[in-house]
Trainee: 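Following this message is one structure expressed as structure tokens.
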Number of protein chains: 2
Amino acid sequence: MPVSTRCARSAAKRDAILDAACAVFLEQGYAAASMDAVAARAGVSKATIYAHFTDKDDLFGAVIRARCERNRTFAPVGPALDARATLTMVGRRLLELLLQPDTLAVYRLVTAEAPRQPELARAFYESGPGTGKAEIARMLVDLGRRGLLAVEDPWRMADLFTGMLRADLFMRTLLGLPQPEGSSIDQAVAAAVDTMLRAFAPSPAGAAG
Amino acid sequence: MPVSTRCARSAAKRDAILDAACAVFLEQGYAAASMDAVAARAGVSKATIYAHFTDKDDLFGAVIRARCERNRTFAPVGPALDARATLTMVGRRLLELLLQPDTLAVYRLVTAEAPRQPELARAFYESGPGTGKAEIARMLVDLGRRGLLAVEDPWRMADLFTGMLRADLFMRTLLGLPQPEGSSIDQAVAAAVDTMLRAFAPSPAGAAG
DNA sequence: GTCTATAGCCAGATAGAC
DNA sequence: GTCTATCTGGCTATAGAC
């Protein structure tokens, strides 16, 4: 059997372990997840896991980092739209991503383990909230250049916008609570976008709003 | 020995257990916290803990509920101030509370365990974010009545305001990351308040902003 | 690299005396 | 109610054959 085939087999098992570990960690949490469960789900023996990863922490780190890499592509904005359309599109895409069960599970895991694994917390922030914020800031700069929005400090504005997007909807979903009547992604996005437009409308006469 | 003394002794031990458990859970997380550690810290035996609480889950629930009760008093607003002063005062108090290490630790604990303990998550939400939101909505209604702010939907406005307050500062602190230069509570509050005032300034001529 | 089997440990929960 | 001592189970990690 050629070496490449052996390597491919081994890499395939490694991937299977990573996938299984991801599922188990996300479902059960770090401490409650057992290496037995991961092995069973991956269809390998526990010893095989320890051949690929030094210990549970190492496996956990690999899982989180892999997920962070995957979410890096937050996509370009597309054609030139007006301020409302741009903010709405980006806002909805961000909020939909944030509310996905997997995203929430990773968020729970990383925040819970952050005090014990600060390096992992940093990697998560940079690949998640960090890049998201940078994307939004870039979009705001673009809107500012085109005279569609009064943009002084794009980073702070990105903070304000993402903060408004999350607001209560994110918290309730994170906690697994039922959403109250009349609470939807579209409405949350619309409220945030409206507020941004009202607060940062460009001043045609040069007067401050 | 009179009954009341025995009861008092027992209640004192119960409180000691709750305090110790709170510290251990907040420091180590739910799963990593051991009943031995709680017993040692409380100065009692493990058996005594099980005389007061049926199991670890029960103890955990009691700890979280006790903390929730304590934070219920979010205090009245005080004298009648203008919109900026009121928003700034309330905003700073809320953000300072949110960024306290203990508050963050409880947040990490509850969100991590929410999928497994939905009832606890609900209790946390109602005594924490829920009452905070209600307080702020009430304050907004007051500002609206006094003609200092254009308040249509106070609950949604409360969402937007608290969302902007948290924004990046909360996330970074939650993850234990160092704060970037020029990032402070005062600045975060000022940015959120400015945005609120710009977006929801009362319209003297009755025209919509 | 991969398996089976197991070492070694630690934590949650209990028994029984007082 | 409170203690000491212990049971029991599951977990991480490894040894050794292939």
Side-chain angles (χ1 to χ4, degrees), chain A residues 1-64 109 112-113 116-117 120, chain B residues 1-64 109 112-113 116-117 120:
Chain A
M1 189 189 292
V3 172
S4 64
T5 305
R6 262 210 312 268
C7 287
R9 251 203 241 294
S10 182
K13 291 229 170 187
R14 193 192 151 93
D15 285 349
I17 293 169
L18 274 176
D19 284 350
C22 183
V24 174
F25 280 130
L26 262 53
E27 279 170 21
Q28 319 221 6
Y30 175 74
S34 77
M35 298 297 264
D36 283 284
V38 174
R41 188 152 190 159
V44 302
S45 75
K46 250 195 306 187
T48 302
I49 299 180
Y50 283 97
H52 286 271
F53 304 93
T54 68
D55 57 10
K56 192 179 176 181
D57 264 16
D58 184 38
L59 177 59
F60 181 66
V63 165
I64 298 299
L109 271 178
E113 293 302 313
R116 263 90 49 194
Q117 312 226 23
L120 202 61
Chain B
M1 187 188 293
V3 172
S4 64
T5 304
R6 261 212 311 271
C7 286
R9 251 203 242 292
S10 183
K13 292 229 170 188
R14 193 190 151 94
D15 285 349
I17 293 169
L18 274 177
D19 284 349
C22 183
V24 173
F25 280 131
L26 262 53
E27 280 171 19
Q28 319 221 7
Y30 175 74
S34 78
M35 299 296 265
D36 283 286
V38 174
R41 190 155 188 154
V44 302
S45 75
K46 252 197 302 187
T48 302
I49 299 180
Y50 284 96
H52 286 270
F53 305 93
T54 67
D55 57 9
K56 192 178 176 182
D57 264 15
D58 185 37
L59 177 58
F60 181 65
V63 165
I64 299 298
L109 272 178
E113 294 302 313
R116 264 111 19 212
Q117 312 227 24
L120 201 60

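Lettering of chains follows the sequences in order, A, B, ..., and the numbering in each one begins at 1. Just so it is clear, the values below take in all heavy atoms, side chains as well, and ignore hydrogens, waters and symmetry mates.
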Trainee: Counting any heavy atom closer than 4.0 Å, what does B:A33 reach on the DNA or RNA strands: base, sugar-phosphate only, or nothing?
Mentor: sugar-phosphate
Trainee: How long is the line joining CZ of B:F53 and P of C:dT14, in whole Å?
Mentor: 16 Å
Trainee: Does a side-chain heavy-atom distance below 4.5 Å link A:E113 with A:L120?
Mentor: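 SC-SC contact between A:E113 and A:L120 ruled out.
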Trainee: Please report the closest heavy-atom contact between A:A42 and A:A16, naming both atoms and the distance.
Mentor: CB-O, 3.7 Å
Trainee: Roughly how far apart are B:D55 CG and B:M35 CE, rounded to 0.5 Å?
Mentor: 7.5 Å
Trainee: Given C:dT2, is OP1 or OP2 found less than 4.0 Å from the side-chain N or O atoms of A:S45?
Mentor: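 For C:dT2, neither OP1 nor OP2 has a side-chain N or O of A:S45 closer than 4.0 Å.
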Trainee: Using every non-hydrogen atom in the two residues, find where B:Y30 and B:L109 come nearest and quote the distance to one decimal.
Mentor: N-CD2, 3.5 Å
Trainee: Using a 4.0 Å cut-off on protein heavy atoms (strictly under), produce a 5'-to-3' string for nucleotides 13-18 of chain D with B for base contact, S for backbone-only sugar-phosphate contact, and - for none.
Mentor: BBB---
Trainee: If you compare all heavy atoms of B:L59 against all heavy atoms of B:F25, which two are closest, and at what distance to 0.1 Å?
Mentor: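 Result for this residue pair: CG-CE1, 4.2 Å.
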Trainee: How close do A:G29 and B:R116 get, counting heavy atoms only, and between which atoms?
Mentor: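 Closest heavy-atom pair between A:G29 and B:R116: N-NH1, 4.0 Å.
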Trainee: Which heavy atom of A:A39 sits nearest to which heavy atom of A:S45, and what is that distance?
Mentor: CB-C, 4.0 Å
Trainee: For the side chain of B:V44, starting at C-beta, report the closest nucleotide among D:dG1, D:dC3, C:dT2.
Mentor: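 Ranking D:dG1, D:dC3, C:dT2 by closest atom to the B:V44 side chain puts D:dC3 first.
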Trainee: Can you list, by residue number, the residues of residues 13-22 of chain A that have a non-hydrogen atom closer than 4.0 angstrom to DNA chain D?
Mentor: none
Trainee: Could you check how far CD1 of B:I49 sits from C1' of D:dT4, rounded to whole Å?
Mentor: 15 Å
Trainee: To the nearest 0.5 Å, tell me how far A:K13 NZ sits from A:I49 CD1.
Mentor: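 The NZ atom of A:K13 sits 11.0 Å away from the CD1 atom of A:I49.
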Trainee: What is the separation between atom CZ on B:F60 and atom P on C:dG12, rounded to the nearest whole Å?
Mentor: 13 Å
